[in-house]
Amino acid sequence: MQKRPAAGVLGSLPMSPVEATSESDTPGSDSAGSDFSGPDKPAHRYGVALAGEIEARWQQRWETEGTFHTPNPTGSLSGGFERFEGRPKAFVMDMFPYPSGAGLHVGHPLGYIATDVYARFKRMTGFNVLHTMGYDAYGLPAEQHAVATGQHPRINTESNVATMRRQLRRLGLGHDSRRSVSTTDRDFLEFTQRVFLKIFNAWFDPQATNRLGGLGAARHIDELRAQFIDRSRPTPDGRAWTELSVAEQRTLIDSFRLVYIDDVAVNWCPGLGTIVANEEVTADGRSDRGNYPVFKRSMRQWLMRITAYSDRLVSDLDLVDWPEPVRLMQRNWIGQSYGARVSFQVADSPARLEVFTTRPDTLFGATFMVLSPEHEMVSALTTSDKRADVLSYQAAAAGRTAIDRQSETKQKTGVFTGSYATNPVNGQQIPVFIADYVLMGYGTGAIMAVPSGDQRDFEFARMYDLPIVATILPPDVWFGEQGIESTLDCSKWKRAYSGDGVAVQSENESLSLNGLDKAAAVSAMTRWLEANDCGRGTVQTKLRDWLFSRQRYWGEPFPIVYDEHGPIALPDAMLPVDLPETDQFTPHTFDAEDASSEPQRPLDRLTEWKNPTIDLGNGPRAYIRETNVMPQWAGSCSYYLRYIDPTHVEGLTISENSDYWMGSTGVDLYVGGVEHAVLHLLYSRFWHKVLFDLGEVNTPEPFGKLLNQGYIQAYAFTDGRGMYVEATEVIERNGAFFHADEPVHREFGKIGKGLKNMVSPDDMYDAYGADTLRVYEMSMGPLEQSKPWDTRAVSGSMRLLQRIWRVVIDELTGEVRVTSDTPSADDQRTLHRTIAAVREALQDLRVNTPIARITELTNHLTSTYPGGAPREIAEPLVLMVAPFAPHLAEELWSRLGHAESLTYEPFPNVNSAYLVVDTIDVPVQVAGKVRAVLSVPVGCDAATLEALALADEKVKPFLEGKQVKKVIVIPGKMVNIVV
RNA sequence: GCCCGGGUGGCGAAAUGGCAGACGCAGCGGACUCAAAAUCCGCCGCCGCAAGGCGUGCCGGUUCAAGUCCGGCCCCGGGCACCA
């Protein structure tokens with residue numbers, strides 16, 4: 001799930017540099033760290049050494065006691081559930097990471113700390129909390145690393161997972177380690193294959209009523225077969241089911257499945273021996289890695305029918321509490337447009353050309369047609385005299401990638417096929433062109449061109465001197481902008497008019513749109529098309545079915561074998577289909593220019609594995625295994641369900657457990673980077689909806705609340721040659737920056753080794769401790785916001801923890817020094833205001849302001865009670881800081897005499913009696929500017945306030961020589977004297 | 001080009017339409033110290049000696065009152081991009 005470029009770069013590093021960093025001398029630790037760890041400090045001051053000791057001790061105790069083991073209602077993890085009976089649940093998740101070999105930098109844990117703070121707060125407010133962490137461990141970087149080193153990817157992957165687990169353990173995250181999964185674990189692989197088979201053994205019935213009452217639902221494939229058998233659904237050619245051969249039956253059923261095989265256009269890179277994703281192709285049509293040519297080719301691939309769910313994937317976005325930008329991105333990605341399909345009769349031919357248009361109301365203005373160069377009917381439509389032109393245009397287009405085409409100038413190109421089609425509304429014969437501005441991947445790959453209403457068509461028409469007919473009357477203001485008189489003579493127009501307006505020049509014997517506005521014209525035309533059997537209203541989506549096969553080694557094998565008729569799903573009992581052991585994970589590569597080469601998948605070479613003899617119920621027989629593997633997204637689609645029942649061996653989960661943890665709205669909090677706003681979250685929602693339709697889960701959406709954490713960025717420095725220099729060695733002098741006395745240039749960017757501004761959490765553990773890192777990251781600002789890392793500023797968080805320590809512990813003796821004194825009313829008021837603010841903010845996942853409130857309370861205590869604060873205030877303070885700095889809080893709680901971990905200790909409650917005050921300050925404004933502050937009793941009425949304000953000595957000078965027009969009094973808030 | 005998000009001190013940031021800058025970093029001054037560090041106390045938006053004036057990207061509006069609401073612009077960041 002790692003963002004692609006990062007995974008690609010970081011994943012291929014030969015070893016974990018983090019191990020090396022943390023054991024050698026760490027930049028920054030000597031300058032910043034020694035401030036807190038020098039030899040002359042009081043013996044029991046909270047410094048980095050003491051923090052490290054406390055943290056290691058509590059991490060050990062949590063592990064030994066299973067503090068964060070969360071019980072399920074039933075099954076193998078149900079021990080201790082009684083304690084939570086009747087309590088609410090909270091399922092708190094991070095997007096799990098790809099275990100990169102480069103280890104973590106300080107930006108990674110931001111979200112993990114935030115979910116941990118929230119999870120700990122929820123535990124202290126009575127919730128049963130499911131919180132753990134997994135690893136998305138299949139994928140390309142590990143495979144590339146294996147290719148480079150000859151070492152099996154599993155070895156490297158497992159060592160990277162171990163490194164990350166170690167780094168995260170030191171953060172003190174309250175994860176239930178029993179539920180921590182890696183997608184490459186054998187159990188998890190089996191789980192993924194089971195989910196795959198649920199989807200494979202399902203079809204989408206657009207007529208079925210789904211569980212939300214809408215139309216369209218997945219059903220088990222056997223129900224489709226039953227419909228064919230009992231003839232409630234006719235076969236395509238009308239024959240009875242029993243009259244079909246076994247092969248025909250299989251092919252028919254397979255064509256309905258949610259997972260199916262089809263020919264699709266892919267980016268084939270012979271030099272790499274693999275298909276590459278669109279994002280991996282450079283602007284000049286070469287591979288991102290290796291710089292080999294990439295060819296657009298059609299290949300047989302596995303696909304998932306995600307487009308069947310387009311409507312629900314859009315409409316159910318209303319059911320989730322997600323950031324609006326993410327919902328928008330999903331809607332745009334799915335890209336539904338409402339319009340019509342229109343069918344054009346080809347002249348002198350029985351063939352028809354179908355197009356999609358969002359503007360059927362402009363059909364009278366369609367004066368030519370354009371097909372994508374790859375359209376399947378191009379060859380049939382091309383007349384012999386045009387064949388040479390068409391073929392050369394097609395060849396030129398094929399040699400260019402989609403990206404290449406787009407980067408071209410706006411100049412439209414195309415060629416005439418020699419054929420004409422009939423405009424169904426006016427019988428005109430209109431020429432058919434091919435042009436690469438029409439994309440094969442959208443709609444039908446063909447358009448009706450309305451040059452008066454579409455700028456692209458307009459440019460094309462001008463280029464090839466084609467007629468332009470207005471069907472909408474543009475408003476006068478539009479003509480004004482063009483600097484021309486209002487006219488329907490489009491030869492005078494400078495551009496197409498695509499806006500709204502009244503239809504003109506749009507009538508035939510049975511239809512007139514003239515005078516109608518756009519909406520009325522669209523619906524009138526759509527009705528006419530349907531009545532005359534040459535079109536219908538439809539919704540077109542940009543979303544394509546999901547290309548699900550990869551020609552690689554390090555991924556999940558399909559639980560599929562083939563016999564002579566096609567693919568067969570293996571039964572659950574034969575799962576998992578393990579990835580076979582081999583030392584050849586390199587894809588076979590070809591002459592980089594050989595576009596006609598065929599991919600040879602790594603698994604194809606394992607002939608013994610590929611050709612098993614299996615008994616599928618009719619005796620042992622030879623089969624051929626599927627040798628594609630699943631894409632990396634597969635492992636991340638359903639992992640939240642595995643967290644629920646990590647040891648369960650039948651089906652997907654125990655339904656009682658998934659019902660309990662998913663509740664009515666799904667995962668209660670899902671935190672991750674916005675880079676997954678579309679693909680991961682869309683694929684995951686799709687799988688979940690299929691499982692929902694099939695009754696495997698009972699929420700329509702997997703993730704009820706989503707939050708995107710921002711990035712942590714850092715300054716980077718370049719020298720005179722433009723080379724990056726080690727950021728930790730740069731010195732600031734009078735606003736300028738120097739590295740080894742040479743001036744350097746400061747810029748701002750992602751943290752990482754590339755920019756030589758890497759800051760690892762290990763550096764921070766060594767210089768300050770994990771609690772300080774946690775507090776600092778939470779105090780930096782709102783979680784959603786990107787913000788710059790500043791190692792210098794970390795010391796402020798350290799100082800806060802030192803002061804909290806000092807509230808409870810005598811630095812010189814190490815003795816607890818809280819008193820049994822009765823706190824003053826002022827203390828109580830400060831405390832309870834803090835509690836109220838912290839509780840309210842944490843409910844909303846605002847993590848920075850509670851730290852400010854806790855700081856204020858701490859400062860109040862250290863200044864009021866330099867020798868030790870009242871226990872009645874100190875204990876709630878310790879509990880409030882616990883979600884942020886859990887090790888420190890546990891240590892203080894324990895020293896305060898509590899035997900149990902504070903994990904489930906109730907979070908302090910607000911006693912509103914302490915919030916009551918008898919006097920308040922009311923600002924007095926004159927003409928909107930504050931001139932005085934009145935100290936008045938609570939409940940002071942408006943008349944008294946007004947009198948006090950007008951009589952105030954500070955106010956009087958501003959009233960001199962002026963007429964008081966009006967006095968606005970908001971009792972308890974404000975007095976404003978208007979002059 | 002279209003669609004989002006955001007512009008507040010030297011820096012990170014706070015602020016149900018009601019005292020702009022809480023809290024922290026950096027900086028300055030003081031206490032302690034032979035000294036330094038650490039710690040503690042104080043100052044810390046800009047202009048001004050002061051009184052005071054000016055300040056939340058810019059211009060305008062609504063309101064007794066605008067960082068906050070409305071309209072128009074500018075800049076920065078992100079997403080999509082010949083989608084018919």
Using nucleotides 2-8 of chain B, report all nitrogen or oxygen pairs with the protein that are shorter than 3.5 Å.
none

Is there any protein nitrogen or oxygen under 3.5 Å from a nitrogen or oxygen in nucleotides 40-49 of chain B, and what are the pairs?
residue	atom	partner	partner atom	Å
C40(B)	OP1	R806(A)	NH2	2.9

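- Listed by chain and number, the residues in a side chain to side chain contact (heavy atoms under 4.5 Å, CB included) with A869(A) are V807(A), L861(A), Y865(A) (sequence neighbours excluded).
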Under 4.0 Å protein heavy-atom contact, by nucleotide of nucleotides 9-15 of chain B - B base, S sugar-phosphate only: ---SSS-
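- Regarding F458(A), its CZ atom lies at a distance of 17 Å from the C1' atom of A84(B), rounded to whole Å.
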In the 5'-to-3' direction, what one-character label does each nucleotide of nucleotides 65-71 of chain B receive under the scheme B = base within less than 4.0 Å of a protein heavy atom, S = sugar-phosphate only, - = no such atom? S------
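- For the residue pair Y437(A) and T413(A), no side-chain donor N or O sits within less than 3.5 Å of a side-chain acceptor on the partner.
- Side chains of R331(A) and Q336(A): a donor-acceptor N/O pair is absent below 3.5 angstrom, by distance only.
- Relative orientation of the Y464(A) and F460(A) rings is tilted, given thresholds of 30° and 60° on the angle between their planes.
- The distance from atom CE of M880(A) to atom P of C23(B) is 16 Å, rounded to the nearest whole Å.
- Scanning for side chain to side chain contact (heavy atoms under 4.5 Å, CB included) contacts around I968(A) gives K966(A), I970(A), N976(A), V978(A), with sequence neighbours left out.
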Watson-Crick and G-U pairing of RNA chain B, under 3.5 Å, as dot-bracket with | and [ ]: (((((((..(((.....[....))).(((((.......))))).(((....)))..(((((..]....))))))))))))....
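- For residues 840-855 of chain A, the salt bridge (charged side-chain N to carboxylate O under 4.0 Å, His left out) pairs, not counting sequence neighbours, are D844(A)-R846(A), R853(A)-E856(A).
- There is a side-chain donor-acceptor pair under 3.5 Å between T307(A) and D545(A).
- Screening residues 441-456 of chain A for salt bridge (charged side-chain N to carboxylate O under 4.0 Å, His left out), with sequence neighbours left out, gives D454(A)-R456(A).
- Regarding Q330(A), its CD atom lies at a distance of 13 Å from the P atom of C80(B), rounded to whole Å.
- Screening residues 777-790 of chain A for salt bridge (charged side-chain N to carboxylate O under 4.0 Å, His left out), with sequence neighbours left out, gives D790(A)-R792(A).
- Atom P of G77(B) sits at a distance of 29 Å from the matching atom of A26(B), rounded to the whole Å.
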Determine, step by step, whether L959(A) and V964(A) satisfy the side chain to side chain contact (heavy atoms under 4.5 Å, CB included) criterion, reporting the C-alpha distance in whole Å, the side-chain angles of both residues, the deciding distance to 0.1 Å, and the verdict. CA-CA 7 Å; L959(A) 299 178; V964(A) 174; 4.2 Å; yes
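- Side chains of T791(A) and Y768(A): no donor on one and acceptor on the other come within 3.5 Å.
- Not counting sequence neighbours, the partners of A446(A) by the side chain to side chain contact (heavy atoms under 4.5 Å, CB included) test are V355(A), L371(A), H375(A), T444(A).
- Under the side chain to side chain contact (heavy atoms under 4.5 Å, CB included) criterion, P325(A) pairs with P323(A), not counting sequence neighbours.
- An anti orientation is assigned to G7(B), its glycosidic angle lying beyond 90° of 0.
- Counting only N and O atoms by type, the side chains of E675(A) and Y711(A) include a donor and acceptor under 3.5 Å apart.
- Side-chain contact check for S343(A) and R352(A): at least one donor-acceptor pair (N or O, by modelled atom type) lies under 3.5 Å.
- Taking 3.5 Å as the limit, the base of C64(B) and the side chain of K965(A) contain no donor-acceptor pair of atoms between them.
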